[in-house]
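Data block below; observations after.
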Amino acid sequence: MKSIFLIGFMGSGKSSVAQHLANRLNFQLKDMDSIIESEYNTKISAIFEREGEATFRNYETALLKKLPVENAIISTGGGVVEREENIVWMKEHGLVVYLETSWKEIVTRLKNDTLRPLWNQKGNDKKELYNSRLMKYSEVSLHTVRTDRRLPEDIASEIYRLVQQKY
Ligand code: S3P
């Protein structure tokens with residue numbers, strides 16, 4: 001089966017859902033942010049700070065194109081849709097599932113977050129970023145799964161059933 005790319009805004013639960021889904025399907029799990037952190041031996045926040053967002057996006061795109069396109073669950077970073085070439089790549093090579101989360105729920109979930117640079121940057125309009133990404137997530141995804149007030153295992157089960165029926 002084609003690899004499943006989980007996309008969605010920061011805090012939509014991509015990493016946790018990916019873990020459950022990989023277990024259910026017995027697929028390998030690829031968490032893009034974790035891979036970047038171990039490949040460059042640096043925290044994402046430090047990459048943003050020292051090298052800037054554009055460099056991080058270069059790392060992200062380079063990694064995306066090296067990931068397995070079969071039998072893997074890929075947890076992407078929320079900004080993977082910022083580059084059109086990433087969108088084209090994911091559409092062509094994978095089954096893209098959008099974890100849709102309301103702004104209200106994101107704010108609740110990330111209330112105490114200190115790790116995500118774009119969430120913690122001062123002067124950054126996060127609501128505007130969220131709004132600007134909605135169209136991009138919908139554009140690339142084959143399926144949309146709502147996540148508000150749901151557990152990661154429950155969301156993973158929904159995706160599991162979906163792929164069992166359709167692919
Ligand atoms: C980003 C989201 C982060 C991480 C980086 C940039 C974004 O991943 O890739 O901080 O642009 O939305 P999560 O979506 O896992 O938080």
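Between L21 and I4, the closest heavy-atom pair is CD2-CD1, 4.2 Å. In plain terms, the two heavy atoms of K104 and T108 that are nearest each other are O-OG1, 3.0 Å. For H20 against P152, the heavy-atom pair with the smallest separation is CD2-CB, 3.8 Å. For the pair D113 and L115, the tightest heavy-atom approach, listed with the atom from each and the gap, is OD2-N, 3.3 Å. The minimum heavy-atom distance linking M1 with L95 is given by the pair CE-CD1, 4.2 Å. Contact detail for K2 and E92: the closest heavy-atom pair is NZ-O, 3.5 Å.
The line from CG of L6 to NE2 of H143 is 12.0 Å long, rounded to the nearest 0.5 Å. Of the inter-residue distances, the one linking S15 atom OG with D33 atom CG reads 7.0 Å to the nearest 0.5 angstrom. Between atom NZ of residue K14 and atom CD of residue Q19 there is a gap of 14.5 Å, rounded to the nearest 0.5 Å. Atom CG of N26 is separated from atom CD1 of I73 by 10.5 Å, given to the nearest 0.5 angstrom. Note that CZ of F5 is 8.0 Å distant from CH2 of W89, once rounded to the nearest 0.5 Å. In this structure, the separation between CG on L110 and OG on S12 is 9.0 Å, given to the nearest 0.5 Å.
R146 places no side-chain N or O within 3.5 Å of a backbone atom of E100 that could act as its donor or acceptor partner. Looking at K126, its side chain does come within 3.5 Å of a backbone N or O of W119 through a donor-acceptor pair. A side-chain donor-acceptor contact under 3.5 Å links D148 to the backbone of S102. Formation of a donor-acceptor pair under 3.5 Å by the N120 side chain with backbone atoms of R116 is found in this model. Judged by distance alone, with hydrogens and angles left aside, the side-chain atoms of T42 form a donor-acceptor pair with the main-chain N or O of Y40 at under 3.5 Å. With hydrogens and angles ignored, the 3.5 Å screen pairs no side-chain donor or acceptor of N131 with any backbone N or O of L134. Formation of a donor-acceptor pair under 3.5 Å by the S3 side chain with backbone atoms of P68 is found in this model.
Residues V145 and V97 form a side-chain contact, since some pair of their non-hydrogen atoms from C-beta on lies under 4.5 Å apart. Two residues are said to be in side-chain contact when any heavy atoms from C-beta on lie closer than 4.5 Å; Y167 and L142 meet this criterion. Using a 4.5 Å cut-off on side-chain heavy atoms (C-beta onward), M10 and I106 make no contact. Side-chain contact check for V96 versus I87: every heavy-atom pair is 4.5 Å or farther apart.
Residue-environment remark: CG (D125) exceeds the threshold of 12 foreign heavy atoms within 6.0 Å. In Q164, the CD atom is crowded: over 12 heavy atoms of neighbouring residues, nucleotides or ligands sit closer than 6.0 Å.
No continuous path of hydrophobic side-chain contacts links I74 to L25 [ILVMFWY only; heavy atoms under 4.5 Å]. Criterion: ILVMFWY side-chain heavy atoms under 4.5 Å apart, direct or through other members. Under it, I155 and Y160 are part of a common hydrophobic cluster. Cluster membership check: L29 does not share its hydrophobic cluster with L63, using side-chain heavy-atom separations under 4.5 Å among Ile, Leu, Val, Met, Phe, Trp and Tyr.
Not counting sequence neighbours, the partners of F56 by the ring-ring contact (aromatic ring centres under 6.0 Å, His included) test are F48. Contacts of F27 classified as ring-ring contact (aromatic ring centres under 6.0 Å, His included), with partners at least two apart in sequence or in another chain: none. Taking the side chain to side chain donor-acceptor pair (under 3.5 Å) definition, one finds that E37 meets it with nothing, sequence neighbours left out. Judged as a side chain to side chain donor-acceptor pair (under 3.5 Å), and not counting sequence neighbours, N124 has no contacts.
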- Item | Evaluation steps, side-chain contact (heavy atoms from CB on, under 4.5 Å), between E105 and V107 | CA-CA 5 Å; E105 177 104 0; V107 171; over 6 Å; no
(request) Output, in order, the C-alpha distance, side-chain angles, deciding distance and verdict of side-chain contact (heavy atoms from CB on, under 4.5 Å) for T144 and Y137. (result) CA-CA 9 Å; T144 298; Y137 293 135; over 6 Å; no
Step by step, would you call Y98 with V140 a side-chain contact (heavy atoms from CB on, under 4.5 Å)? CA-CA 8 Å; Y98 169 29; V140 63; over 6 Å; no
(Q) I'd like to know whether E158 forms a salt bridge (charged side-chain N to carboxylate O under 4.0 Å, His left out) with R161, so could you lay out the CA-CA distance, the side-chain angles of the two residues, the decisive distance to 0.1 Å, and finally the verdict. (A) CA-CA 5 Å; E158 180 178 339; R161 284 193 299 272; 5.5 Å; no
Might you work through the side-chain contact (heavy atoms from CB on, under 4.5 Å) test for I7 and L99, ending with a clear yes or no?
CA-CA 6 Å; I7 63 164; L99 303 190; over 6 Å; no
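Between the side chains of T147 and T101, at least one donor-acceptor pair of N or O atoms lies under 3.5 Å. Between the side chains of E51 and Y59, at least one donor N or O lies within less than 3.5 Å of an accepting N or O.
Ion pairing between a basic and an acidic side chain is recognised when a charged N comes within 4.0 Å of a carboxylate O; R24 and E153 show no such pairing.
A salt bridge (charged side-chain N to carboxylate O under 4.0 Å, His left out) check over residues 68-88, counting only residues at least two apart or in different chains, returns the pairs K65-E85, E82-R133, E82-K136. Under the ring-ring contact (aromatic ring centres under 6.0 Å, His included) criterion, no residue pair touches residues 61-87, with sequence neighbours excluded.
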